[in-house]
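We name chains A, B, ... by the order of the sequence lines, and we start the count at 1 in each one. Bear in mind that the values here come from a model prediction, so they are computed numbers and not experimental data. We use all heavy atoms of the structure for the numbers below, so side chains are in, but hydrogens, waters and symmetry mates are not.
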2 protein chains.
Amino acid sequence: MNIPVNPGDRYDVYCAACPTRMVLDRIADKWAMLILGRLARQPVRFNQLRREIDGVSQKVLSQTLKRLERDGLIARAVFATVPVTVEYSITPLGETLNDAVAALRTWAETHIETVLEAQRRYDKA
Amino acid sequence: MNIPVNPGDRYDVYCAACPTRMVLDRIADKWAMLILGRLARQPVRFNQLRREIDGVSQKVLSQTLKRLERDGLIARAVFATVPVTVEYSITPLGETLNDAVAALRTWAETHIETVLEAQRRYDKA
DNA sequence: AAACATGGTTTCAAAAAGAAACCAGAAAAA
DNA sequence: TTTTTCTGGTTTCTTTTTGAAACCATGTTT
C-alpha cells in the first residue's frame, strides 16, 4: 500500500493518490445520492429539487449539481422562458451509478430497524 | 414532502427527519466504505487498518470505527497482550451493507476513465 | 539511551457546511 | 400601486467537521 498510481498500475481506491479515490469521495455523499436518485425518475428544475431534497441548502445544492455535471453524471439545460427555466436530468453514465446507489438507499430503508436496535444496545452499555 | 416521520408513516430518505436519512448520512462516507471493505476480507487491528486505508488520520479512523460499531456494522475485540491488541471485524449486518458498498467501489474503478474524460471536457468549456 | 510498537485522545488550524441575506426581472396578488 | 412570489443562483457569516501533529502509558528492540 501507499504506492502512488503510475501509468501501468491498476486503479485502487485504497491508495490516496488514485483518481478512483477522488471519485469515491465525490459519490460517497448524501446529497449527491439523493439528487441522483431524484433525477433518475425524471428531469427536475432547481427550486423543485430544493423542495424535494428536504434539508439541503441552496449553496450545497448548487455546488453538488455543478460537480455532478462536471463528472458527466447529470446534464443541465437552460430554457429562455420568463423567468428562466433550468432543468437537470440524469445522463446514461449517471444511470449506471444510480443503480449502485439505489442499493445503498434501499439498504438504509430496509435495515434501519436493526441499526436503531444496535444503537440502543451500544448506548445502554 | 417535508412531512415529519410519525409512527405509521413509511420510511423515506428524502425526508430530513426520517431516521433512514441519518443512516444514509453515516454510510455515505468515504472512510466508512473503505473500512467496511477492508474488514469484509478479514479482521484487522487498528494500526494495520491505519496503514492500509491510505490517507486516513488516527482521529477520523477512531471516530468512524466507533460509529460503525455503534451501528452494529463492525465488532471490536480487545486482547490482553503486550502491547494490547484491538481487533476489528465485520458483523453479519455489516456484510449485507458491504455488498451494496462494493458496487460503489467497483463503479469508481470501472468508470473512472469516463469520469475523467467528462471533467476534461467540462473544464475546457 | 533512543527509537519503535501498541491504541488511542487532545489540541489547534484549515476546510467545509449550513443559515440567511441579497441579486435582477417579471408576474400575480393585495 | 405597492407588496409578495417566482425563477436560479451568489455572497457573507457562523458553526461544524476535518486533518495534522503532539501527547499519553507501557513495554520491547536496537
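The interatomic distance linking B:R50 (CZ) with D:dA21 (P) rounds to 12 Å, in whole Å. Distance CD (A:E52) to P (D:dG8): 13 Å, rounded to an integer number of Å. Atom NZ in B:K66 sits about 15 Å away from atom C1' in D:dT17, given to the nearest Å. A:I35 has its CD1 atom 14 Å from the C1' atom of D:dG8, to the nearest Å.
Atom CZ of B:R26 sits in a crowded spot, with more than 12 heavy atoms from other residues, nucleotides or ligands closer than 6.0 Å. Residue A:R45 places its CZ atom among 12 or fewer non-hydrogen atoms of other residues, nucleotides or ligands, all under 6.0 Å distant.
By the salt bridge (charged side-chain N to carboxylate O under 4.0 Å, His left out) test, B:R105 pairs with no residue at all, sequence neighbours left out. Shown here are the salt bridge (charged side-chain N to carboxylate O under 4.0 Å, His left out) partners of B:R21, two or more places apart in sequence or in another chain: there are none. Partners of A:D99 according to the salt bridge (charged side-chain N to carboxylate O under 4.0 Å, His left out) rule, which considers only residues two or more places apart in sequence or in another chain, do not exist here.
Without hydrogens or angle criteria, A:E109 side chain to B:V13 main chain gives a donor-acceptor distance under 3.5 Å.
Each of A:W31 and B:F46 was assigned the nucleotide of DNA chain C with the nearest heavy atom; the assignment lying further toward the 5' end belongs to B:F46.
Contact check of residues 83-90 of chain A against DNA chain D (heavy atom, cut-off under 4.0 Å) returns A:P83, A:V84, A:V86, A:Y88. Applying a 4.0 Å cut-off to non-hydrogen atoms, the residues of residues 56-64 of chain B that approach DNA chain C are B:Q58, B:K59, B:S62, listed by residue number.
Between B:E117 and B:E113 the shortest side-chain heavy-atom distance does not fall below 4.5 Å. A:I27 places none of its side-chain heavy atoms less than 4.5 Å from the side chain of A:V101. The side-chain heavy atoms of A:L61 and A:W31, taken from C-beta on, include no pair separated by under 4.5 Å. Looking at heavy atoms from C-beta onward, B:R70 lies out of side-chain contact with B:K66 at the 4.5 angstrom threshold.
By the 4.0 Å N-to-carboxylate-O rule, B:E52 lies close enough to B:R38 to be salt-bridged with it.
When DNA chain C is scanned in the 5' to 3' direction for atoms under 4.0 Å from non-hydrogen atoms of chain B, the outermost contacting nucleotides are C:dT6 to C:dT11.
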